[in-house]
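Working notes, beginning with the structure itself.
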Amino acid sequence: MKEKMTVVQLRSTIFLQQNIGYTPENAEQFKQLLMPDCKIYGIAPAGVPMLGVNPAMPMYGMPWRLFKKFDNGDEYNIAFQPGKIDIVLAKEEVYGSNIEKIFCDQSIKWFTSILETQGDMQVTRIAYAPLYAIFKDKDQNSDAIWNLWLKKTVFDGVQSKDINLSFLLKRLIKFGDTEIQMNLLHNIFDGKQTRNDNDLQTVRDVLLLQLDLNSVPDKILSLGIEGVSSFFNGILDIKNKLVDNVTA
């Protein structure tokens with residue numbers, strides 16, 4: 001089944017003890033530092049009505065993001081939100097290509113640049129969250145696929161928890177010199193992909209596998225640049241084992 005998977009989105013996240021809210025100075029500094037020629041947008045906080053305000057317009061002190069579509073089709077968002085920064089890549093690529101390694105290397109580079117501007121600021125939590133799709137066709141029975149996924153809820157002898165179209169594994173993992181207690185969250189769900197090609201809209205059924213590999217919130221980390229680099233240099237080995245576990 002792994003050979004039928006497609007990467008559709010990748011996210012890396014660092015959590016901080018303070019916000020980097022929008023100011024024109026912040027926006028210009030990080031635009032030039034990270035993605036020159038990118039666009040700057042606001043992010044409406046969840047649950048907060050923004051009546052009469054253009055949601056794309058950044059506002060002082062509020063969440064904001066940098067967006068750029070590169071010539072090779074990569075669409076990157078770097079989102080500065082309360083207490084965290086997300087880097088998100090939207091691009092379809094065959095699973096097993098080097099897109100995830102390139103993304104993790106880019107995340108290290110950008111997070112390093114951001115942290116270097118913040119003095120002694122430490123990372124308190126960290127995460128990597130890829131999203132994969134399996135496009136169903138007439139030869140693939142949805143029930144058979146679900147039966148395969150739901151049998152694979154154990155990893156290295158560790159039983160899963162909270163099974164409800166998802167399951168959670170907990171594992172202490174060493175990244176470089178730092179041991180991190182990790183949540184290894186699996187979400188599996190049906191979905192649809194809508195595409196517009198030459199004014200022709202097509203809808204395809206997909207099965208989605210989302211992993212959210214994050215440090216547990218109740219154990220506050222104190223990671224510097226080296227610790228962040230070690231995490232993203234090592235997380236793909238863990239991710240590969242998890243994917244193998246549920247697709248074999």
Side-chain angles (χ1 to χ4, degrees), residues 2 7 9-20 78-89 95-96 98-132 149 152-164 166-188 209-248:
K2 187 167 60 175
V7 177
Q9 181 178 283
L10 303 172
R11 172 176 60 81
S12 57
T13 302
I14 58 172
F15 293 77
L16 307 171
Q17 292 180 320
Q18 65 189 63
N19 300 336
I20 304 178
I78 305 176
F80 295 81
Q81 303 181 74
K84 69 172 184 174
I85 300 171
D86 290 329
I87 298 174
V88 179
L89 169 62
Y95 181 82
N98 64 348
I99 185 173
E100 291 187 79
K101 178 64 166 63
I102 293 173
F103 175 78
C104 284
D105 288 345
Q106 185 64 72
S107 296
I108 292 170
K109 179 180 178 181
W110 280 339
F111 284 141
T112 295
S113 296
I114 293 169
L115 291 172
E116 285 178 341
T117 70
Q118 302 301 305
D120 296 328
M121 184 185 293
Q122 299 290 295
V123 171
T124 59
R125 289 185 65 204
I126 195 165
Y128 175 66
L131 175 64
Y132 309 112
W149 289 110
K152 303 292 186 174
T153 57
V154 178
F155 178 60
D156 278 1
V158 180
Q159 293 289 336
S160 60
K161 302 178 181 179
D162 304 329
I163 298 177
N164 182 18
S166 68
F167 61 93
L168 174 66
L169 306 170
K170 289 183 178 289
R171 184 82 179 273
L172 185 64
I173 300 174
K174 191 170 185 178
F175 296 94
D177 296 328
T178 304
E179 288 189 328
I180 301 177
Q181 184 68 45
M182 295 289 296
N183 286 326
L184 309 175
L185 178 63
H186 300 58
N187 289 304
I188 305 164
L209 166 63
Q210 184 175 52
L211 301 177
D212 191 343
L213 315 180
N214 61 87
S215 61
V216 297
D218 57 339
K219 293 186 181 296
I220 303 301
L221 303 176
S222 184
L223 296 179
I225 290 171
E226 184 176 346
V228 170
S229 179
S230 294
F231 177 85
F232 287 109
N233 279 324
I235 196 62
L236 292 185
D237 288 338
I238 307 304
K239 183 275 304 179
N240 289 339
K241 291 178 181 179
L242 294 171
V243 170
D244 288 345
N245 184 58
V246 295
T247 59

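These figures come from a predicted structure and were not determined experimentally.
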State, yes or no, whether a side-chain contact exists between [X] and [Y] at a heavy-atom distance under 4.5 Å.
| X | Y | value |
| --- | --- | --- |
| I180 | L221 | yes |
| T124 | L16 | no |
| F103 | I87 | yes |
| V228 | L115 | yes |
| I126 | F15 | no |
| K170 | N183 | yes |

Next item on the list: Starting from the C-alpha separation in whole Å, work towards a yes-or-no answer on side-chain contact (heavy atoms from CB on, under 4.5 Å) for L185 and N187.
Entry: CA-CA 7 Å; L185 178 63; N187 289 304; 3.7 Å; yes

When rounded to the nearest 0.5 angstrom, what distance separates [atom1] in [X] from [atom2] in [Y]?
| X | Y | atom1 | atom2 | value |
| --- | --- | --- | --- | --- |
| F175 | D237 | CZ | CG | 9.0 Å |
| M121 | I225 | CE | CD1 | 11.5 Å |
| F232 | I14 | CZ | CD1 | 7.5 Å |
| L236 | N98 | CG | CG | 11.0 Å |
| M182 | L168 | CE | CG | 11.0 Å |
| T13 | Q81 | OG1 | CD | 8.0 Å |

Notebook entry, point to check: Is atom CD of Q17 surrounded by more than 12 heavy atoms (other residues, nucleotides or ligands) closer than 6.0 Å?
Noted result: no

Check: Is the CD atom of E226 crowded by more than 12 outside heavy atoms at less than 6.0 Å?
Finding: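 12 or below, so no.
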
Check: Are any side-chain N or O atoms of R125 and backbone N or O atoms of S215, one a donor and one an acceptor, separated by less than 3.5 Å?
Finding: yes

Margin query: Using modelled atom types and a 3.5 Å cut-off, is there a donor and acceptor pairing between side-chain atoms of N233 and backbone atoms of S229?
Written below: yes

Using every non-hydrogen atom in the two residues, find where [X] and [Y] come nearest and quote the distance to one decimal.
| X | Y | result |
| --- | --- | --- |
| I238 | L184 | CG2-CD2, 4.4 Å |
| L213 | F231 | O-CZ, 4.0 Å |
| H186 | V246 | CD2-CG1, 4.1 Å |
| G83 | N19 | N-OD1, 2.6 Å |
| V243 | T247 | O-OG1, 2.7 Å |
| I20 | I114 | CD1-CG2, 4.2 Å |

Margin query: Ring-plane angle category for Y132 and Y95, please: parallel below 30°, perpendicular beyond 60°, tilted otherwise.
Written below: perpendicular

Note to self: Assess the residue pair F111 and V123 against the criterion (side-chain contact (heavy atoms from CB on, under 4.5 Å)); give the C-alpha distance rounded to whole Å, side-chain angles, the decisive distance to 0.1 Å, and a yes or no.
What the structure shows: CA-CA 10 Å; F111 284 141; V123 171; over 6 Å; no

Notebook entry, point to check: So among I235, L89, L211, which one has a side-chain contact (heavy atoms from CB on, under 4.5 Å) with P130?
Noted result: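 Answer to the side-chain contact (heavy atoms from CB on, under 4.5 Å) test with P130 among I235, L89, L211: L211.
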
Next item on the list: Identify which one of D218, I173, V216 satisfies the side-chain contact (heavy atoms from CB on, under 4.5 Å) criterion when paired with Q181.
Entry: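 Of all the options given, the one that passes is V216.
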
Check: Can we say D105 and K101 salt-bridge, meaning some charged N sits less than 4.0 Å from an Asp/Glu carboxylate O?
Finding: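 A salt bridge is present here (some side-chain N lies under 4.0 Å from a carboxylate O).
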
Check: Are the charged groups of K84 and D86 less than 4.0 angstrom apart, N to O?
Finding: yes

Next item on the list: Carefully, step by step, assess Y128 and R11 under the rule side-chain contact (heavy atoms from CB on, under 4.5 Å).
Entry: CA-CA 6 Å; Y128 175 66; R11 172 176 60 81; over 6 Å; no

